[in-house]
Peer 1: 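Okay, handing you the structure first.
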2 protein chains.
Amino acid sequence: MATSDNVTEAVDVLQQLGLKEYEARCFVGLSRLSTGTAKRLSEMTDVPRTRVYDAVRILEAQGLVEIQHSSPQRFRAVSLSEATDTLRDQYDTRVDRLRNALDDMETVDDREESSIQQVWAMTGSTAIESRTNELLDKAESEVVFVVGDESLLTDRLIDKLTGMTRSVDLLIGAPTEAIRTAIQEAIPEATTFVSGLGWLRDEGGDDEETAIGRLVLIDRSKILVSTIVPSTNEEHAIYGEGFGNGLVVIARRLMSQGEFTDG
Amino acid sequence: MATSDNVTEAVDVLQQLGLKEYEARCFVGLSRLSTGTAKRLSEMTDVPRTRVYDAVRILEAQGLVEIQHSSPQRFRAVSLSEATDTLRDQYDTRVDRLRNALDDMETVDDREESSIQQVWAMTGSTAIESRTNELLDKAESEVVFVVGDESLLTDRLIDKLTGMTRSVDLLIGAPTEAIRTAIQEAIPEATTFVSGLGWLRDEGGDDEETAIGRLVLIDRSKILVSTIVPSTNEEHAIYGEGFGNGLVVIARRLMSQGEFTDG
DNA sequence: GTTTTTGTGATTAACTGGGTGAAAATCTAT
DNA sequence: ATAGATTTTCACCCAGTTAATCACAAAAAC
């Protein structure tokens, strides 16, 4: 009976989407029922009967549930598609409001000098991918992209790379020869190589091997390196900018000495 | 100085999107700064300095902020587009998970008889519009659509109506002759009329006039009527289904007596 | 070496939300 | 109609969370 797993999953997600526990449980309960009374719902979801009313009222106000004002009252959930429509709309509205508010805000400019040694840390694959895309978009002359972890080599990324302007040199490093060939085929205009990333691996340590995720060097002046921490599978990245930036300098030096390329 | 309004607006929305107050304030603060230390951030956002660190750490884990691990630490917010990308991705993931979980759930079928007198109440324009669309999609022979409030006559709605199958009769009622003509032009295959909705207005009461929002009658067996409550601008609807449903019977009777049409 | 700034952790106060019961309103069956 | 059951509202308590403050160690600045 995987149903109960799905119930808890659905309840969890609904809570992440902003519903309270009772509201989430009631909505999920109603989703499994064509129609239900407070009593029935309470029995099935373990929400105290006296609290079902509050929860359902809030759900109704959010457009997720309909109420039949009879006695006893009957409740029913809107269809899944209606529910997701409503939730999406709610989300879109919020992001729009956020965008507008942030756009209209005056930025307090401190003129903190941009010291040369800025190295920033970030977490999360989406954020890192988003930054990667932005970097690729702003590239003017050269992109070095070393893929360390196969899982990061998505179709979306290939599309992005193939879509780059001709005037930008593309240097792509793959972890294995097989992958290199595949990439070369998908992106003929790129120069590909097999990356020798051995020096980046923590083979000696007693904990798991720290694999490199991606390494992006843009116009020899911006760099992003990510690793995937084995225990949590989270992607962590560091990012540096500026021709004189320490991290960038090291990367450039390694590049010119052929350290990235095999052998 | 509308900036402070925008700040509170942004903070509010971020909290609705799931951030805590301190996190929201810190993110907004950082969005106005190219870069900031804990001290600076604390001064500008009134978040206790010692709590800035926790807040920022969580923001970093969500991909909304980058941290420079120096002393003192420097923080900065990712760009607005990166932030919304991240948030959208998070949202999409959640809705997908929700959809899957709900889809896979066994529905406990109670065989609650569908008594004839079901009349359901719902709230919120998005939910109501969503339901309206679903009704239009399922219409087989006839659609009566009376628009009471001009604001509901969106392009999206026009598109929806023009896209209906030929085999469905379209009867559209507009609040004024001018709007009727416009609709007739946009949707030539429909029969249009000016609705005489006087009887639906609460002109005698001492509170504001209760305007009707929309009235949708599908295949003479399903009906949805909405009103827009003047004080909050919220849209409330009732919905009935079944040929014998009381609400539907009344609507059908009124239709046949020409009560909806002018004069 | 002293003083200031920065960062961490523990502690308290306020709030929110889950859980329970009393009592009002409503319904059902005599 | 009346008694008893059921439904519904409301107010309250308790626990976990989050906002807010403090004490203190580590690091930088002087």
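Residue numbering restarts at 1 for every chain, and letters A, B, ... go by the order of the sequence lines. Just so you know, these numbers come straight off a predicted model, no measurement behind them. These values consider heavy atoms only, across backbone and side chains, with no hydrogens, waters or symmetry-generated copies.
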Peer 1: Quick one: A:Ile58 CD1 to C:dT16 P, roughly how many Å, whole number?
Peer 2: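 It is 13 Å, rounded to the nearest whole Å.
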Peer 1: As a quick check of understanding, evaluate side-chain contact (heavy atoms from CB on, under 4.5 Å) for A:Asp149 and A:Arg214, giving each step before the final call.
Peer 2: CA-CA 7 Å; A:Asp149 190 302; A:Arg214 49 186 131 198; over 6 Å; no
Peer 1: Side chain of A:Thr45, backbone of A:Gly29: donor and acceptor closer than 3.5 Å?
Peer 2: no
Peer 1: Find every protein N or O atom lying less than 3.5 Å from an N or O atom of nucleotides 20-25 of chain D, and list the pairs.
Peer 2:
residue, atom, partner, partner atom, Å
D:dA20, OP2, B:Tyr22, OH, 2.8
D:dA20, O5', B:Tyr22, OH, 3.2
D:dC22, N4, B:Thr50, OG1, 3.2

Peer 1: So among A:Asp96, A:Asp89, A:Val95, which one has a side chain to side chain contact (heavy atoms under 4.5 Å, CB included) with A:Thr93?
Peer 2: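 Only one option passes, and that is A:Asp89.
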Peer 1: Atom CD of B:Gln68 and atom P of C:dG7: how far apart are they, to the nearest Å?
Peer 2: 11 Å
Peer 1: I'd like to check the side chain to side chain donor-acceptor pair (under 3.5 Å) partners of A:Gln73; sequence neighbours left out, ordered by chain and number.
Peer 2: none
Peer 1: For A:Ser130 and B:Asp85, indicate whether the former's side chain and the latter's backbone hold a donor-acceptor pair under 3.5 Å.
Peer 2: no
Peer 1: Could you tell me whether the phosphate oxygens of C:dC27, OP1 or OP2, come under 4.0 Å of any side-chain nitrogen or oxygen in A:Ser71?
Peer 2: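 So the side chain of A:Ser71 is within the cut-off, an N or O lying under 4.0 Å from OP1 or OP2 of C:dC27.
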Peer 1: Over how many whole Å does the gap from A:Asp54 atom CG to D:dA11 atom C1' extend?
Peer 2: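 Nearest whole value for this atom pair: 12 Å.
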Peer 1: In whole angstroms, how far is the C1' atom of D:dT8 from the CZ atom of A:Arg74?
Peer 2: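 In whole Å, D:dT8 C1' and A:Arg74 CZ are 15 Å from each other.
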Peer 1: Would you kindly give the NZ-to-P distance between B:Lys39 and C:dG7, to the nearest whole Å?
Peer 2: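 Those two atoms, NZ and P, are 12 Å apart.
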Peer 1: How close or far is atom P of C:dT6 from atom CD of B:Gln73, stated in whole angstroms?
Peer 2: 11 Å
Peer 1: Taking for each residue the nucleotide of DNA chain C with the nearest heavy atom, is it A:Ser70 or A:Glu23 whose nucleotide lies nearer the 5' end?
Peer 2: A:Glu23
Peer 1: Can you tell me if A:Tyr53 touches the phosphate of D:dT9, counting only side-chain N or O atoms and a distance under 4.0 Å to OP1 or OP2?
Peer 2: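 It does not, given that no N or O in the side chain of A:Tyr53 lies less than 4.0 Å from OP1 or OP2 of D:dT9.
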Peer 1: Name the residue from B:Leu217, B:Leu224, B:Asp219 that meets the side chain to side chain contact (heavy atoms under 4.5 Å, CB included) definition with B:Leu135.
Peer 2: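 That would be B:Leu224.
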Peer 1: Tell me: CD of B:Gln15 to P of D:dT17, nearest whole Å?
Peer 2: 18 Å
Peer 1: Would a 4.5 Å heavy-atom cut-off, applied to side chains only, mark B:Leu64 and B:Leu30 as touching?
Peer 2: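 Side-chain contact under 4.5 Å: no.
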Peer 1: Rounded to whole Å, please give me the gap between CG in B:Leu41 and C1' in C:dG7.
Peer 2: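 Atom CG in B:Leu41 sits about 15 Å away from atom C1' in C:dG7.
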